[in-house]
Amino acid sequence: MSLQEDNKAIVGRWFTDFWGKACNLNVVDDIAAPDMLLKYSLHEPRRGRDDIKAFMTDFRAAFPDLNFWGTADLIAEGDYVVGQWDGGGTHTGPAFADFLAGGLPANTGRTMRFTGITVLKLKGGKIIEEIGLDDGVTALTQLGLLRTV
């Protein structure tokens, strides 16, 4: 397989095992670089395997049905892979204070569903950064953290 095909396979596994319905945090140790950067507009940037695992543990505790899935074929060029996705979940867990726009008290029952595009950079078979552009305004509005007029 080519470098691009290898990288797409790694990112496909990341999307399924980390962001998918049944999260397996072991994938972080398997395919994330030790100092990986995870950055989206909704949250503070996260760096390193332990920080990324802690983020996902808290996110999934607050949103137990959290799930994201690809909506188009992955595109790869050199060390980069780009993916388009859809997803969300329902806040039925503990309070969640990780959103930059504010926190949620426990068990609001609010559902968020939003879309995004993610660019991942790989080196030596490991993901070194994941930077996403998400529709955070939609998610935060659905969760009641942003108000519409």
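Note that the coordinates shown come from a computational prediction; the quantities given were computed from them, not determined experimentally.
- Residues L37 and V27 do not share a hydrophobic cluster, defined by chaining ILVMFWY side chains whose heavy atoms lie under 4.5 Å apart.
- Looking at every heavy atom in both residues, A62 comes nearest to P94 through CB-O, 3.7 Å.
- A donor-acceptor contact shorter than 3.5 Å is absent between the side chain of R110 and the backbone of H91.
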For residues 140-149, run the donor-acceptor check on the side chains, cut-off 3.5 Å, and write out each pair with its distance to 0.1 Å, sequence neighbours left out.
from, atom 1, to, atom 2, distance (Å)
T141, OG1, V137, O, 2.7
Q142, OE1, R113, N, 2.6
Q142, NE2, R113, O, 3.2

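- To the nearest 0.5 angstrom, I10 atom CD1 is 11.5 Å from E5 atom CD.
- In this structure, D17 pairs ionically with R13, as a charged nitrogen and a carboxylate oxygen lie closer than 4.0 Å.
- Salt bridge status for K121 with D79: absent, with no side-chain N to carboxylate O gap under 4.0 Å.
- In terms of hydrophobic clustering, with Ile, Leu, Val, Met, Phe, Trp and Tyr side chains grouped at heavy-atom distances under 4.5 Å, M56 and F63 are assigned to a common cluster.
- Counting non-hydrogen atoms of neighbouring residues, nucleotides and ligands closer than 6.0 angstrom, the NZ atom of K123 reaches no more than 12 such neighbours.
- Not one N or O on the side chain of D98 forms a donor-acceptor pair closer than 3.5 Å with the backbone of H43.
- Checked against ring-ring contact (aromatic ring centres under 6.0 Å, His included), Y40 has the following partners two or more places apart in sequence or in another chain: W19.
- The structure places CD of E129 at 12.0 Å from OG1 of T118, a figure rounded to the nearest 0.5 Å.
- Side-chain heavy atoms closer than 4.5 Å link hydrophobic residues (I, L, V, M, F, W, Y) into clusters, and following such links, even through other members, never connects L38 to Y80.
- The 12-atom threshold is exceeded at CZ of F55, counting heavy atoms of other residues, nucleotides or ligands nearer than 6.0 Å.
- Grouping the Ile, Leu, Val, Met, Phe, Trp and Tyr side chains by contacts below 4.5 angstrom, directly or via other members, places V82 apart from W14.
- Closest of all the heavy-atom pairs between D51 and R46 is OD1-NH1, 2.9 Å.
- No donor-acceptor pair closer than 3.5 Å links the side chain of K39 to the backbone N or O of E44.
- There is no side-chain donor-acceptor pair under 3.5 Å between T115 and D135.
- The cluster map of Ile, Leu, Val, Met, Phe, Trp and Tyr, joined by side-chain heavy atoms under 4.5 Å apart, puts I117 and M112 in different clusters.
- If you take CG on D6 and CG on L122, they are separated by 10.0 Å, rounding to the nearest 0.5 Å.
- The nearest pair of heavy atoms linking A33 to I128 is CB-CG2, 3.7 Å.
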*asked:* Does D29 form a side chain to side chain contact (heavy atoms under 4.5 Å, CB included) with K53? I'd like the steps, not just the answer.
replied: CA-CA 9 Å; D29 293 322; K53 287 181 202 177; 2.8 Å; yes

*Applying side chain to side chain contact (heavy atoms under 4.5 Å, CB included), run through I31 and F18 and close with a yes or a no.*
CA-CA 10 Å; I31 60 177; F18 184 74; over 6 Å; no

Could you list the donor-acceptor pairs under 3.5 angstrom formed by side chains in residues 67-78, with sequence neighbours left out?
from, atom 1, to, atom 2, distance (Å)
N67, OD1, K21, N, 2.9
T71, OG1, Q84, O, 3.4

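- Residues T108 and F96 are not in side-chain contact: their nearest non-hydrogen atoms beyond the backbone lie 4.5 Å or more apart.
- Within the model, atoms CG of L120 and CG of N7 stand 9.5 Å from one another, a figure rounded to the nearest 0.5 Å.
- In plain terms, the two heavy atoms of G93 and P64 that are nearest each other are N-CD, 4.2 Å.
- For A139 against L42, the heavy-atom pair with the smallest separation is CB-CD1, 4.3 Å.
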